[in-house]
Amino acid sequence: MSASVGFCSRWFISTCDRWLVAVDSKQDREPFVFDCSTAEKKPKNPSTDGDEGGAEETRSDRILAFAVSPCGNLVALTDDSKRLILFRCEASSWRCISVRFVVRRCTSLAFSQAEDQLLAADKSGDVYSFSVLNPDQDGELKMGHLSMVLAVTLSLDDRFIITSDRDEKIRVSCLRSPYNIQSFCLGHKQFISALLVPPGHSQRLVSGSGDGTLRLWEFESGRHLQSVDLRDLMDPEKTDNDNEKEKRCGVRGHRCGVRGHCVDHLYSVFTGVLSVLRVSLVQFFSLDQDQLSPHSRLTPPHQPLDVTFDPEGRLWVLMDSDHSPLQIYTHRCGSWQCDTDSPDLTRVSAAFRIHWDKLDASVRTASRFDHLYVVNYDNVSEYMKKKQQRLDQQSQKRNLDQKRRPDAKKMKTPTANS
Amino acid sequence: MTSFMPQKRYYRQRAHSNPMAHHEFNYPVCPEEMDWSELYPDFFTGSSSKNGTSQVEFADIGCGYGGLLVELSTLFPDKLILGMEIRVKVSDYVQDRIKSLRESEPGSYQNIACIRSNAMKYLPNFFSKGQVCMLLVACLMMIMMMMVVVFLFLTPDLKEQHKWRIISPTLLAEYAYTLRVGYVHTFICTTEIHSSWWNGAKYFYLNTHWYFLYMHLYRLCFLPTLVSMFPGRVGTRRRI
């Protein structure tokens, strides 16, 4: 995804293409903008220079993922040039602490709750741990999946790393000894793109997958508690004149992402937000002990690209729109209402639009999920067909032999019995 | 009609298969959903006394033509043994072989089965945590040890080490997950490995942690627990 949003205490953070834009939502201040193309380049290694020449050309500085630390004063991002950049946000200023290099392009980042390490999951399925305290130290290999890791998160007590991959698996490993696998959460039927340990429910895990379902787990034991099929939630909305094609398109669009969280103090229930890409809908779920139930939904005017909660519990939605890419929704009187004239919104939008306008419309909506759907190919049926042919031929030949030389059968039978 | 013993010449296949490719596999979503009764009809639906309660405890990953599988079957008649092989023809050979063995000697060889699967991807789909007490990974020679020692018998290639080799430092965690705690897990290596990768792997999982014990084949010979050494029968000796 080329654009995403987040909150770091009161700073609104967004990444679009190669820019990181941080805007103070409360005060009129100069926004912090970081352009990845100006960052330090990887020192060239003369020995590998020759064969990497071609790859160098195609590399862009697009930001692939970013993460905000739980306390909200550290931000890390990773880009297409395999950089891992760490920022510290102090009361009013931003500082780039370090630029490190990763081995492969990263897919997901996560800070530990103690904020002493930063986990980076990459395309080849490895998870590296980078020290926050020693910002120049190289990453240490923690664990690895066979296929691409798509999401990494930590349990609230920092005991477990939870990783999900393209091969339908969620792995729960101990953080201190990652070779020790606590459990696997198995049940999804496609890649798993999103993980969330809801605050206030330290034993639960919500996962979102390309198969269109949202599942609830007790991650320590790997027990599957509930599955919500998003297609069931969508279909009643569709009217009859939406033909079959439209419906299929809707199903294709269920690349869900659980993103952001907020504890709703009014009901003391967790409110997770699910942004269904390609469909103009944001669905809320409430989590009550072992039950994930659809709560309410939003239909933004444009296709939502990403959503985030701010510290006050308001929902910010980034949409695929030229004029008003951002919108705020507030929870008032039991329902979510659009807050159009918030001063925060105007402040953030003004700074954000400068970079948003530079983006090409096709780049904005480019989905990172399209290529993740696994297409199996069949290498068995052809072999089985050939084998059957061979067996048929053999039995035919045997029959012919027997007809031709009836005594041959007599010769054969005793040997077969012995 | 009794099925004939399969002839190996029809099942030859080169010794490599890409484990990263998305082949069509049949695998259960989770271990609880696996239907073992198809593979071991006698143990699950037959008249056997341990009806339905037994579980697979031995796994031979990369079982090849199934020589070790057949050998183990008679040695441990009450243990369920599963062979996993990724190559289409080879796994089909083992399946045919087991079928014909079962038909030629009714009542025996009921405890072995072979499935075509990618163990690197789907091991946790078949086995729950700590289910397996003996895991044989890419076995070349047949070595038996006393049951207290559970072992991984490894033959890492001397070629370049990649993530998609069956033994990679990060994949060991998954093997450890399926293995039962309480046994001594031994890690045996047939060839002297000099590559830096291997040293890295050793430090990553073997030396620093206590899951596996690194053991060289020559040193193994002095172990009192070594019971017997079988001659490799099917295509194993040739390769060494």
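Scope of the values below: all heavy atoms of this structure, side chains included, with no hydrogens, waters or symmetry mates. Each chain gets a letter, A, B and so on, in the order the sequences are listed, and its residues count up from 1.
- Considering only heavy-atom pairs separated by less than 4.5 Å from chain B, the leading option among A:V380, A:N379, A:D165 is A:N379.
- The contact between B:K121 and chain A is made by backbone and side chain atoms together, counting heavy-atom distances below 4.5 Å.
- When heavy atoms are compared at a cutoff of 4.5 Å, B:Y11 approaches chain A solely by way of its side chain, counted from C-beta outward.
- Residue B:E33 does not touch chain A at all, counting heavy-atom pairs closer than 4.5 Å.
- Both the backbone and the side chain of A:D378 come within less than 4.5 Å of a heavy atom of chain B.
- For the pairing with A:R159, the side chain to side chain contact (heavy atoms under 4.5 Å, CB included) check across A:Q182, A:E220, A:R176 returns one residue only, A:E220.
- Neither the backbone nor the side chain of A:E382 comes within contact range of chain B; no heavy atoms are under 4.5 Å apart.
- With a 6.0 Å cutoff to the six-membered ring centre and a 45° limit on the axis angle, B:K89 does not count as a cation-pi contact of A:Y383.
- Evaluation of the ring-ring contact (aromatic ring centres under 6.0 Å, His included) rule for B:F127 yields no partner, not counting sequence neighbours.
- Between the side chains of A:S129 and A:Q117, at least one donor-acceptor pair of N or O atoms lies under 3.5 Å.
- Between B:V70 and B:R97 the shortest side-chain heavy-atom distance falls below 4.5 Å.
- With sequence neighbours excluded, the residues forming a ring-ring contact (aromatic ring centres under 6.0 Å, His included) with B:Y27 are B:Y122, listed by chain and number.
- B:Q7 touches chain A through its side chain: at least one heavy atom from C-beta onward sits under 4.5 Å away, while N, CA, C and O do not.
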